[in-house]
Amino acid sequence: MKNILVLGAAGQIGSELVPYLRKIYGNTAVVATYRSTPLIPQIMESGPCENMDALDAKIMFDVVKKYDIDTIINLVAVLSAVGESKPTLAWKINMDSTLNSLEIAKEIKGAVFLPSSIGAFGPTTPMDNTPQDTLMRPTTVYGISKVAAELLGDYYFLKFGVDCRGLRYPGIISNVTLPGGGTTDYAVEIYYEAIKHKKYTCNLGPGTFLDMMYMPDALRSLVELMEADPSKLKHRNCFNVSAMSFDPEMIAAEIKKHIPEFEMTYEVNPVKQAIANSWPNSMDHSAAQQEWGWKPEYDLKTMTEDMLRILTPRLS
Ligand code: AKB
């Protein structure tokens, strides 16, 4: 990657990915784009930014040309829970931004990163140690758009030689920008509420296991995959990647070790619960280990220590 365009840079991943990439590749080499949500000041002040709509291919192409972009990272997405209340909008945003990225990469002979998700799996997928290659019949519009994007990524690689790569991200836990509209959002909110109010009402029920990952691992996995030797990649779109699997009781118990008065209660959101029940409990990420050396650094214990260390002074 030399000159990188990050679409959706104001979101949960984008607001940390842009500074991370600028540190590695240089401030002027990473162009951050956004539409309605403003970028964080650190991004606005440290390098090029463009206010543009990723659904407008002509404008995206002009920006790509202006900065001599060779790699497009498309983080534009309507997530799983919101997608169920606005399915046609979710489909349009998720698919049009994907197609525009692939079409423009084809023109410039560039590379594309497409994030997929545990949401690409469905209720008929094996739930435990979910294999890399398995049955994928998701029951959310978000998941359907992710499977379609994975297939399109492979199609553009095979048909046009576009160097498209992707990761099936689990729930991502972070402390800069809150996620919005996802099913795994509870695992971020719980830290904020534990610090601010010493209590949290969880919208997923006890025993709901899901894969999760701390943001530093998510950022590193993206760069490691994009820089991996292409001749080693048997799977391009997309690799299972995970760092930990837990249920609400386990994360609450870990937080309680640091905040003994913390209490969690449950008020299950039926839409989110149905989505979570259709997703894997834990994924097998051995293909990512074998093909490009994936290895997570954080587990539930070390992530909790780090989240509380960073958030406590900010929120107290
Ligand atoms: C969501 O919950 O929708 C996302 C995801 C796992 O893709 N965080």
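Computed from a predicted structure; not experimentally measured. First listed ligand is number 1; within each ligand, the first listed atom is number 1. In this chain, residues are counted from 1 in sequence order.
Of the residues K232, R236, H235, the one that meets the side-chain hydrogen bond (donor to acceptor under 3.5 Å, both in side chains) test with E291 is H235. N240 pairs in a side-chain hydrogen bond (donor to acceptor under 3.5 Å, both in side chains) with only one of the listed residues (R168, Q289, H285), which is R168.
In the vicinity of L79, heavy-atom distances shorter than 4.0 Å reach the ligand 1 atoms 3 (O). Taking a cut-off of under 4.0 Å to the non-hydrogen atoms of T183, the atoms of ligand 1 that pass are 1 (C), 2 (O), 3 (O).
For ligand 1, the polar-atom distance check finds no N/O of W279 at less than 3.5 Å from any of the ligand's N/O atoms. Where the criterion is an N or O separation shorter than 3.5 Å, residue side chain and backbone included, S117 meets it with respect to ligand 1. Ligand 1 has a nitrogen or oxygen under 3.5 angstrom from a nitrogen or oxygen of T184.
Counting only heavy atoms of the protein, atom 3 (O) of ligand 1 lies nearest to S80 OG, 2.5 Å.
Salt-bridge formation is not detected for the pair K146/E150: no Lys NZ or Arg NE/NH1/NH2 atom is positioned less than 4.0 Å from an Asp or Glu carboxylate oxygen.
Inspection of the T177 and E16 side chains reveals no N or O donor paired with an N or O acceptor under 3.5 Å. S80 and T183 form a side-chain donor-acceptor contact under 3.5 Å, judged by distance and modelled atom types alone.
Linking ILVMFWY residues whenever their side-chain heavy atoms come closer than 4.5 Å, directly or via other members, leaves V76 and L178 in distinct clusters.
Under 4.0 Å from ligand 1, not a single heavy atom of I275 appears.
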